[in-house]
Amino acid sequence: SDVLKLSGIEKIYNRGTAKEIAVLRGLDLAIAPGQVVALVAPSGTGKSTLLHIAGLLDTPDTGEVAIDGEDLGRASDKRRTAARRNSLGFVYQFHHLLPEFTAEENIVLPQLANGVARAEAVSHARSLLERVGLKDRASHRPSALSGGEQQRVAFCRALANKPRLLLADEPTGNLDPATSDTVFAALMDLVRETNLSALIATHNMELAQRMDRVLRLDGGLLRD
Ligand code: ADP
Ligand code: ADP
């Protein structure tokens, strides 16, 4: 079954007032296991709203949100939080790493919060760091890493709890073009190796073309 399935998603802000704005208008999206989808959305078109709904951080007014076949659009907060922790990984434009912890600890901590034993969490963190070429940076704090290195650590953290779906919002948006390219390649390698599904918002058409499918958000709907 699809890892993410959005059906008939509507989101209207300020309903019934003069400021009413229909951001999503019956949007459908299905992402299969291992499929990587680019989301191209000019600012103001509803990209954040869509990612928040897919990420179970916001609820649609109408429509269904299913993760791995389970309808979670209006499930209890407890169930949605559990699904966010176990099934979803998030990456943003800015790394949001904890500054007082090392790269390795930043990847270990979310696993401990999920009940993984420390030894296993550390070994998984090291293997992720090695895969993105940061084996020798494990004991550095974020401030001692370059922007591209910080972002690669953030990718490892997003994958720490072995999610089914990665949601990324401009994951290389604050890096210079050359760094952006290698860091994006590292992300794609990680995603492919773990057979992860992904929805990756980007303004960079060159990066978008390297994904399995490119969808544009336009008029509250997605188009190829
Ligand atoms: P994007 O991420 O593409 O810039 P957003 O999803 O953040 O778009 O917002 C789409 C539109 O909805 C914008 O016009 C924005 O101002 C409006 N909007 C977003 N969130 C809210 C909200 N909580 N209340 C009212 N309007 C909102
Ligand atoms: P970003 O996408 O930059 O991380 P947000 O998702 O917080 O930021 O907001 C995106 C857009 O939605 C912005 O243009 C913001 O002004 C608008 N927006 C967010 N929350 C509200 C709100 N409560 N009321 C009106 N507009 C909002």
Side-chain angles (χ1 to χ4, degrees), residues 2-31 35-67 71-77 80-81 83-84 87-97 147 150-151 154-155 157-158 163 165-175 177 180 183-184 187-188 191 196-224:
D2 293 315
V3 171
L4 173 69
K5 193 167 198 309
L6 302 179
S7 320
I9 301 293
E10 285 188 308
K11 186 73 180 184
I12 299 169
Y13 291 115
N14 304 317
R15 191 193 285 271
T17 76
K19 289 198 229 158
E20 177 167 306
I21 170 169
V23 177
L24 305 177
R25 303 167 179 249
L27 173 151
D28 297 316
L29 171 64
I31 301 184
Q35 192 182 23
V36 178
V37 175
L39 172 64
V40 177
S43 180
T45 54
K47 177 188 75 175
S48 303
T49 301
L50 174 56
L51 287 172
H52 287 164
I53 288 172
L56 306 176
L57 296 161
D58 194 0
T59 51
D61 296 318
T62 325
E64 285 176 13
V65 182
I67 309 276
D71 185 4
L72 290 162
R74 269 166 220 81
S76 68
D77 284 349
R80 286 160 61 88
T81 302
R84 261 203 310 277
S87 304
L88 303 177
F90 296 90
V91 172
Y92 306 93
Q93 188 167 349
F94 184 70
H95 59 75
H96 296 297
L97 295 170
Q150 291 168 347
Q151 206 58 358
F155 299 162
R157 181 193 47 193
L165 175 70
L166 178 75
L167 296 168
D169 193 355
E170 299 284 349
T172 60
N174 72 345
L175 304 173
S180 167
V183 169
F184 183 80
L187 176 63
M188 287 303 280
V191 165
L196 190 59
S197 303
L199 180 61
I200 304 180
T202 181
H203 291 302
N204 186 326
M205 280 313 296
E206 208 176 302
L207 297 186
Q209 298 300 345
R210 290 190 223 161
M211 303 185 211
D212 299 325
R213 190 175 178 199
V214 180
L215 292 175
R216 284 173 189 73
L217 183 56
D218 179 25
L221 298 170
L222 290 169
R223 300 164 209 277
D224 281 288

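Counting convention: from 1, in listed order, for ligands and their atoms alike.
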Under 4.0 Å from a heavy atom of [X]: which atoms of ligand 1 are those, numbered in the order shown and with their elements?
X	answer
Ser43	4 (O)
Lys47	1 (P), 2 (O), 3 (O), 6 (O), 8 (O)
Gly46	1 (P), 3 (O), 5 (P), 6 (O), 8 (O), 10 (C)
Thr49	5 (P), 6 (O)

Item to complete: Identify the residue among Val214, Leu29, Leu167, Leu199 that makes a side-chain contact (heavy atoms from CB on, under 4.5 Å) with Leu39.
Response: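 Filter result, single survivor: Leu199.
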Worksheet item: Minimum heavy-atom separation for Val23 to Gly46, with atom names?
Response: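 In this case the closest contact between Val23 and Gly46 is CG1-CA, 3.4 Å.
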Item to complete: Please name all residues satisfying side chain to side chain donor-acceptor pair (under 3.5 Å) with Asn174, sequence neighbours left out, ordered by chain then number.
Response: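 For Asn174, no residue satisfies side chain to side chain donor-acceptor pair (under 3.5 Å) once neighbours in sequence are set aside.
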Discussion item. Regarding atom 11 (C) of ligand 1: of the candidates Val23, Asp58, Leu24, which has the closest heavy atom?
Written reply: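 When every heavy atom of Val23, Asp58, Leu24 is considered, Val23 comes closest to atom 11 (C) of ligand 1.
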Worksheet item: What residues, two or more places apart in sequence or in another chain, satisfy salt bridge (Lys or Arg N to Asp or Glu O under 4.0 Å) together with Asp77?
Response: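 Here no residue qualifies.
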Fill in: ligand 1 N/O within reach of Asn14 N/O, cut-off under 3.5 Å
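No.
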Discussion item. With a heavy-atom distance limit of 4.0 Å, tell me whether Ile21 approaches ligand 1 through its side chain, its backbone, both, or neither.
Written reply: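 Side chain only.
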Worksheet entry | Identified side-chain hydrogen bond (donor to acceptor under 3.5 Å, both in side chains) partner of Lys11 from the options Thr59, Asp58, Thr49, Thr62 |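 Per the side-chain hydrogen bond (donor to acceptor under 3.5 Å, both in side chains) rule, the option paired with Lys11 is Asp58, out of Thr59, Asp58, Thr49, Thr62.
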Discussion item. For Asp224, is there an ion pair with Arg216 - N to carboxylate O distance below 4.0 angstrom?
Written reply: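 Looking at Asp224 together with Arg216, the answer is no, because their closest N to O distance does not fall below 4.0 Å.
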